[in-house]
Number of protein chains: 2
Amino acid sequence: MGYTIGEIAETTGLSIHTLRYYEKEGIMPSVKRNNSGIRIYEKTDLEVLQFIRCLKETGMPVIDIKKFVNLLVQGDHTIENRIDLLQKQKENVQSQVNQLMSYIQMLDGKVQLYKTILANKNE
Amino acid sequence: MGYTIGEIAETTGLSIHTLRYYEKEGIMPSVKRNNSGIRIYEKTDLEVLQFIRCLKETGMPVIDIKKFVNLLVQGDHTIENRIDLLQKQKENVQSQVNQLMSYIQMLDGKVQLYKTILANKNE
DNA sequence: GTAGTACCTTGAGTTAACTCTAGATCAAGC
DNA sequence: GCTTGATCTAGAGTTAACTCAAGGTACTAC
């Protein structure tokens, strides 16, 4: 069978508006419709959506996600290209992680400093 | 002495526009001026800016950074409050890191899958 | 003292990514 | 067959965080 847009909104946490927007903008491949034009989402659509969320949350801009989805739609001969994109994204995320870890250090340093100030005040 | 807004823009990588915007919006404490109204940044302003960048890049929204800067401006009796905020932010960042690491797994899984497909094609 | 560059303010414009509105069609239960 | 709630499209509106423009003042070097 398939799912309606409302069900997909429910399970992904994306709004109905956002789902239609994603499709209109080519951020996700277009979804099958029934005879009266209502979207019927398949399991594969859900999987693609989940992967798109991964790309989004790792900071890939919508315009690049579009490029990836375009490759996806074009079929198997774009796989090497897709591997390239994903590997670059992986490196991106890795350096984000490193950056964030150094910010954790920074936050921690500040907290320690503040605690020292407090300790000296209460002497 | 002190630095002009242009020099600060140069060293922080923020634009002059952004620096003035940050001050207008209370995202950073207001900077001293000379007799003709020109901003003279001190070393401490630079340090605050660098810390603000840390908060921003770890995803703290401008409105919350404002709150933190407000506490900063109010002096030492807000230190406990600041510790709270920073510790919460640290936890935030830690869960961001965890999330990102799971996304790295996901990206990697996809790459592996694609590579397998390629390998099977070339058999 | 003037040319050229950096700085000032106020307020409007931009960009990305949604988010909502209006007006119409569709589907399910009574 | 009628009501109620979900879905449709096209296009306008929103939000956060800048970014720029216009019109004016200040500083530096000749």
Tabulate atom names and distances for all N/O pairs under 3.5 angstrom spanning the protein and nucleotides 22-26 of chain C.
residue, atom, partner, partner atom, Å
C/dC26, O3', A/S36, OG, 3.1

Please state how far atom [atom1] in [X] lies from atom [atom2] in [N], giving the value in whole angstrom units.
X     : N      : atom1 : atom2 : value
B/E23 : C/dC7  : CD    : C1'   : 13 Å
B/I16 : D/dA21 : CD1   : P     : 14 Å
B/E25 : C/dT9  : CD    : P     : 14 Å
B/E7  : C/dT5  : CD    : C1'   : 14 Å
B/K66 : D/dC18 : NZ    : P     : 12 Å

Residue-phosphate contact under 4.0 Å: A/R20 side-chain N/O, C/dT21 OP1/OP2: no
Taking only the side-chain nitrogens and oxygens of B/R33, find out if one of them lies under 4.0 Å from OP1 or OP2 of C/dT9. yes
Connected via hydrophobic side-chain network under 4.5 Å: B/I63 and B/M28: no
Its contact letters, B for base, S for sugar-phosphate only and - for none at protein heavy atoms under 4.0 Å, make nucleotides 10-20 of chain C read -B-----BBBB
Separation between OH (A/Y114) and CD (B/E80), nearest 0.5 Å, reads 13.0 Å
When we call it a touch if two heavy atoms are under 4.0 Å apart, what does B/R39 touch: a base, just sugar-phosphate, or nothing? sugar-phosphate
How would you list, by chain and number, every residue that makes a salt bridge (charged side-chain N to carboxylate O under 4.0 Å, His left out) with [X], sequence neighbours excluded?
X      : value
A/K115 : none
A/D64  : A/K67
B/K88  : none

Pair B/Q105, B/D108: side-chain N/O donor-acceptor within cut-off below 3.5 Å: no
Using a 6.0 Å cut-off, check whether atom CD of B/E42 has over 12 heavy atoms from anything other than its own residue. yes
Is it the case that over 12 heavy atoms from other parts of the model lie below 6.0 angstrom from the CD1 atom of A/I40? yes
Residue set satisfying side-chain contact (heavy atoms from CB on, under 4.5 Å) with B/T18, at least two apart, ordered chain then number -> B/L14, B/S15, B/Y22
